[in-house]
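Lettering of chains follows the sequences in order, A, B, ..., and the numbering in each one begins at 1. No experiment lies behind these values; they were computed from the predicted model shown. Reckoned from all heavy atoms, side chains included, excluding hydrogens, waters and symmetry mates.
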Amino acid sequence: MAVCVAVIAKENYPLYIRSVPTQNELKFHYTVHTSLDVVEEKVSAVGKALPDQRELYLGLLYPTEDYKVYGYVTNSKVKFVIVVDSSNTSLRDNEIRSMFRKLHSSFTDVMCNPFYNPGDTIQSKSFDSIVSAMMVQSS
Amino acid sequence: MESLTLSDVEQKYYSDLFVYCDVDNTKKVASNGKVLDLFRAAQLSNDVVLQITELCGATRLGHFGRSQFYIALKLIALAQSGLPLRVESLNSVKDLPLPRFVVGKNEQESRHTAMYPDTENQGPYSSVIPRPPGRVPAKKLSTHEVIQPCVSAVEPQPDTTSPVVSPHQSPPTSPHAWRKHKRQASGGAVDRPPAVAGAAWPPFREAQPAGDGMWASHSPPPVQESWVSFTDTPPSSTLPAVHPSSAQESTTVRTVASAATTNEIQRQASGYEDPWKITDEQRQYYINQFKTIQPDLTGFIPGSAAKEFFTKSKLPILELSHIWELSDFDKDGALTLDEFCAAFHLVVARKNGYDLPEKLPESLMPKLIDLDDSAGVPESAPEVGFSSSPVEVTPNKSPSMPSLNQNWPELNQSNEQWETFSERSSSSQTLTQFDSNIAPADPDTAIVHPVPIRMTPSKIHMQEMELKRTASDHTHPTSPLMAKPPELSEEKKLAAIKFPGSTVGDGYSSSDSFTSDQEPISSAVTRQRSHSGTSPEGLKAVAPPPPPPRPHASHSRSSSLDMNRNFTAVAAGTQQQAGVVAFPPAVPPRPLPTQTSVPHGHRPVDGDGLPAHSSTSPQQMPEQPNFADFSQFQVFAVEQPVDDGDTQQDGGQVEKGVDAAGAVRATKNDTQAEERTPATVNSAKGSTPLAPPPKPVRRRLKSEDELRPDVEDHPQKSSVVPGVLATQASIPRSIGKDKKAIQASIRRNKETNTVLARLNSELQQQLKDLLEERISLEVQLEQLRPFSHL
C-alpha cells in the first residue's frame with residue numbers, strides 16, 4: 001500500500017526511488033529526503049546499545065496530514081523508506097514489516113548479482129516487480 | 001503499388017522470407033545483401049531480378065518494404081514459372097507455385113562463415129527446400145537457410161525482428177568471437193547427422209516438398225549457432241553430418257550448432273517445441289564451458305568468475321544482470337551447472353536477438369538432476385524431442401534442460417515439464433533444508449528443568465537448583481530456601497525474606513546441611529567464596545575447581561564455621577524456627593506466601609526494624625536508628641551469604657555503623673542488604689553484574705561477620721542466603737561428585753547473576769526514587785525555611 005518506495009544507500013543517496021506516478025513525485029522525493037533525518041536520529045538513539053540489539057524495523061518515522069513514513073535500516077546502513085497514504089485504511093504494523101522484509105530480501109538478491117556494483121542504482125526487474133506489487137496493492 | 005493478394009501459403013512463405021531477409025529488423029529490406037542473395041537463389045537471371053526489383057518498386061524506394069518484398073517474391077515465382085513479369089499478373093495468376101530459392105552452397109557457405117551455421121538449413125537446400133523449420137527455430141534461419149520456405153523459422157516469430165535474421169547480425173559480436181559454423185555444404189539432407197537428423201529429416205523432406213508448411217515453429221535457434229562459436233564441442237563431430245553445409249569447420253561450434261539445428265528442426269517438425277530448450281549439443285557445449293571455469297561439474301561457479309565469463313559476451317551489463325537474476329535460481333550468488341547452462345543459453349539467445357524473458361523459462365529451470373551423463377549426443381532422440389521434453393532430457397542428461405528446441409522465442413512454451421518442477425522442488429527443498437538447518441539454540445543449560453517458575457529468573461534458577469538439589473540430594477528444604485531468595489529480590493521482602501530465609505536456612509542448615517553436611521557446606525561455601533574471591537577463611541578443600549571467582553551475594557563467605565555458627569544462632573532463634581517450620585512445608589514455587597508470612601512473623605521480632613526498613617527509603621533519616629538495627633541484621637543476613645571471604649570486619653563495622661553512622665550505614669546496609677539478600681538468597685553465586693554493590697556489601701558482611709560471632713542473637717543474620725548457601729554448599733558436597741557440583745555451582749552462579757542483575761536494576765530504581773524524594777524533601781524544606789525565618 002505504498003505510494004512511494006525508496007532505497008537509500010549508506011551514504012544517503014538514493015539507490016532506488018519510485019512513486020505512484022499519479023502524484024507529485026517531487027513531493028515524495030523531498031519527503032523521503034527529510035525522513036532520513038529521522039532515520040539517523042533513531043539509529044543513533046539505539047546506537048548506544050549493541051548493534052545486535054538494534055532492530056531493523058524503525059517503525060513510523062513521522063506522520064503528516066497526508067501520509068505516513070515508515071523506515072527500515074539494514075545492518076549495512078542501507079535504508080528503506082516507505083511512504084503510505086494516510087487515507088488508506090491504516091496498515092497494520094505487521095503489514096509494513098512484511099513489506100520491508102520483502103524489500104530486504106529482494107535487495108539482497110540484487111546484491112548477490114555479481115553484475116551489480118554496490119552503489120549503482122538498482123535496475124533489477126525482479127526488484128521492480130516486487131516494488132510494483134507493493135505499490136499496486138495500495139491505491 | 002499494386003495490390004497483392006497472397007494465398008495463405010504464400011503469405012506465410014513470404015513473411016518468413018521477409019523476416020529472414022530483414023536482418024535489421026526494420027521491416028524493410030535493403031536492396032542488397034540477403035535480398036539479392038535471395039533473388040539470386042531464385043536462379044533467375046540478373047536481368048530478371050532487376051526487372052523484378054523495379055516492378056515491385058524497390059528501386060523507387062531504395063529498399064524493400066514488406067509489400068515490395070512480397071511483390072518481388074511473387075514476381076520471382078512468376079518468373080520461375082516462366083510467366084512474363086507483369087504487375088498485372090501478380091494477382092491474376094493463380095496457383096502460382098511458391099518461388100523457389102536454391103541457395104548455392106557457395107553462397108551459403110560464404111554467408112555462413114559470416115553467420116551462424118545453419119547446418120540443417122543448408123542440408124536441405126538442395127533437396128529439401130523447406131528445411132524443417134523445426135530444426136531450429138533460430139538456427140536455421142541463420143542466413144541462407146532461411147531462404148527456404150521452411151526456413152520460415154521466422155514463422156514462429158513474425159513479430160520478432162526476424163530473430164532468424166538478427167542472429168546473423170549478432171554473430172560478429174558474439175562473445176568469444178563465435179565463429180559461425182560454416183554452413184556445411186552438406187549435400188542435401190543426406191548429410192544430416194545421422195542420429196539426429198536422420199529421423200527427422202525424412203519427414204521434413206517430405207513435408208518440404210510440399211512447400212507448405214514447413215514452417216514449423218522455428219524458433220530462433222540462431223542462438224544455438226551463435227553459442228556454438230564459443231568453443232568447439234565434441235558433439236560437433238556428430239553435427240557435421242548434419243550440417244549439409246559449411247565446408248569450413250571454423251569451429252566446432254558450428255557443428256554443434258548444426259546438430260542443434262538439426263535437432264531443432266526435427267523438433268519443430270514434430271511440433272512446436274519449447275523455444276528455450278537447450279539442445280544436447282548446446283548443453284554439451286555449455287558443460288564444456290563450465291568445465292573450463294569449474295572442473296567439478298557438481299560444483300559452483302562463483303559470481304565473480306561468472307561475471308567475467310559472461311562479460312566477454314559483450315552484452316550490456318544490465319542485460320547480463322537480468323540474465324543472472326533469471327538464471328541464479330537459488331539466489332546464492334553462484335551458478336551450478338544447470339544455472340550456468342541456463343545463463344549461457346540466455347546469453348546466446350540474447351546475442352541472437354531474442355529478448356530476455358521476464359521469468360526463467362521452465363526448460364531452463366535448474367534441476368537437481370545431475371548432469372554428468374550429458375551425453376551430448378545429438379541423437380538424443382531429437383525426434384523424440386518432439387514434444388520436447390522428456391525426450392531430450394532422457395537421452396542426455398537427465399538434467400533439466402533438455403533439449404533442444406531451438407525455439408527460443410520469448411514464448412516460453414513451458415510445457416516442458418520436467419525440470420521445472422523437479423528443479424523447483426529441489427531448490428525449494430534445498431532452501432527449506434537450509435532453513436531447517438538452523439537448529440534451535442540449545443536451551444540454557446542452567447534451565448535444566450521446565451519448572452513452572454513464577455517469575456524472576458532468579459526463581460528459575462532457584463527452582464533449578466532446587467530440582468537439582470532434590471534430584472541429587474535430599475536437600476529439599478533448600479528449595480524453599482532457594483525459592484525464597486528470588487522473592488527477596490523485592491525490597492520489601494528483603495528484610496522479611498532475610499529473616500525467614502535466614503531462619504529457614506538456618507534451620508535447615510542446622511538440621512540438614514549443618515548437621516549432616518558440614519563438608520558440603522564448607523565446600524559450597526568455599527566454592528562460593530572462591531567466587532567472591534574473598535574468602536580466606538577456612539576453605540575446605542573444594543572438591544571441584546572453584547567456579548569463576550565471583551563475590552557471592554549469598555553466604556559464600558561463611559565458611560562452614562561461620563555458617564554453622566549462624567545456623568546455630570539462628571536455630572536458637574525461635575522465630576527462625578518458626579520460620580523454618582513454616583518454610584519446609586512451603587512449596588518451592590511459592591515461597592512468597594511463606595516469606596510474606598515470615599516477615600510478619602518477624603516483624604514483631606524485629607520490631608521497627610522491618611517496618612523501618614521497608615519504609616526506609618522514604619524515611620530513612622528519621623528511622624535510622626531502627627533502621628540501623630534492622631540493617632544490622634539484614635546486613636548480616638545478606639552479607640553472610642554474599643560474602644564468602646568477608647571477614648568479620650563488616651560485622652564489626654555494622655555494629656559501629658549501627659550505632660554511629662547508623663543512618664548512613666543503615667541506608668547503605670538496607671540497600672546493600674537488600675541487594676545482598678536477594679543475591680544471596682537467589683544463588684549465593686557471585687554475580688558479576690552486581691560486583692560493585694556486593695563489594696561494599698561484602699565489607700559490611702565482613703564486619704557483620706565479625707559481629708555475628710559477637711551478635712549471636714541475630715537470628716536473622718542467618719538470613720536466607722546463608723542458609724541457602726549452606727544448603728547449597730551442602731548439596732554439592734553431599735553429592736560428592738565434582739561434575740555435579742560444578743554444574744550445580746554453575747547453575748547457582750548463573751542464578752545468582754540473574755538475581756543480582758535484577759537486584760541491581762531494582763536498586764538503581766530505588767536509588768532514583770530516593771533521590772527524587774530527597775529532592776522533593778529539600779524543596780519542601782526550602783519552602784518551609786522562609787516561613788521559619790519569618
Side-chain angles (χ1 to χ4, degrees), chain A residues 5-10 13-18 45-46 48-56 72 74-76 78 80 97-137, chain B residues 175 293-294 300-336 339-340 342-344 346-347 350 355-361 364-366 410 412 427-428 430-432 434-435 441 689 761:
Chain A
V5 173
V7 177
I8 290 82
K10 178 176 174 182
Y13 63 84
L15 294 176
Y16 181 90
I17 184 163
R18 194 151 127 215
V46 191
K48 58 178 187 283
L50 296 174
D52 297 343
Q53 302 172 8
R54 186 163 61 78
E55 192 180 304
L56 305 182
Y72 180 98
T74 69
N75 285 325
S76 56
V78 172
F80 298 102
R97 280 178 195 264
S98 75
M99 282 164 66
F100 276 123
R101 254 195 301 276
K102 279 192 288 189
L103 269 181
H104 195 173
S105 107
S106 182
F107 178 73
T108 53
D109 290 342
V110 168
M111 278 288 163
C112 284
N113 190 334
F115 298 101
Y116 171 78
N117 300 317
D120 295 347
T121 54
I122 295 175
Q123 289 164 318
S124 150
K125 292 190 188 162
S126 64
F127 191 83
D128 287 343
S129 65
I130 290 197
V131 173
S132 306
M134 281 170 36
M135 300 180 71
V136 166
Q137 312 167 13
Chain B
I293 304 176
Q294 163 70 281
F300 292 91
I301 287 186
S304 51
K307 177 179 177 178
E308 291 173 23
F309 182 79
F310 287 114
T311 308
K312 292 190 222 165
S313 70
K314 299 194 183 48
L315 282 177
I317 294 291
L318 187 57
E319 297 188 7
L320 289 173
S321 175
H322 186 60
I323 287 175
W324 176 276
E325 276 181 8
L326 292 177
S327 60
D328 188 5
F329 198 70
D330 47 6
K331 301 279 181 265
D332 60 353
L335 297 180
T336 63
E339 293 172 343
F340 177 82
F344 208 141
L346 289 169
V347 169
R350 188 77 189 113
D355 291 333
L356 295 176
E358 288 302 317
K359 62 184 204 59
L360 194 66
L364 295 181
M365 295 262 183
E410 274 66 16
N412 285 327
S427 46
S428 62
T430 53
L431 293 175
T432 52
F434 178 82
D435 291 341
S761 57

Heavy-atom closest contact (B:Trp324 atom, A:Pro114 atom, distance): CE2-CD, 2.9 Å

Could you look at B:Leu320 and say if it's the side chain, the backbone, both or neither that has a heavy atom under 4.5 Å from chain A? both

Identify the heavy atoms of A:Lys125 and B:His322 that sit nearest to each other, and give their distance. CD-CE1, 3.1 Å

Quick one: what part of A:Asn117 sits under 4.5 Å from any heavy atom of chain B, side chain, backbone, both or neither? side chain

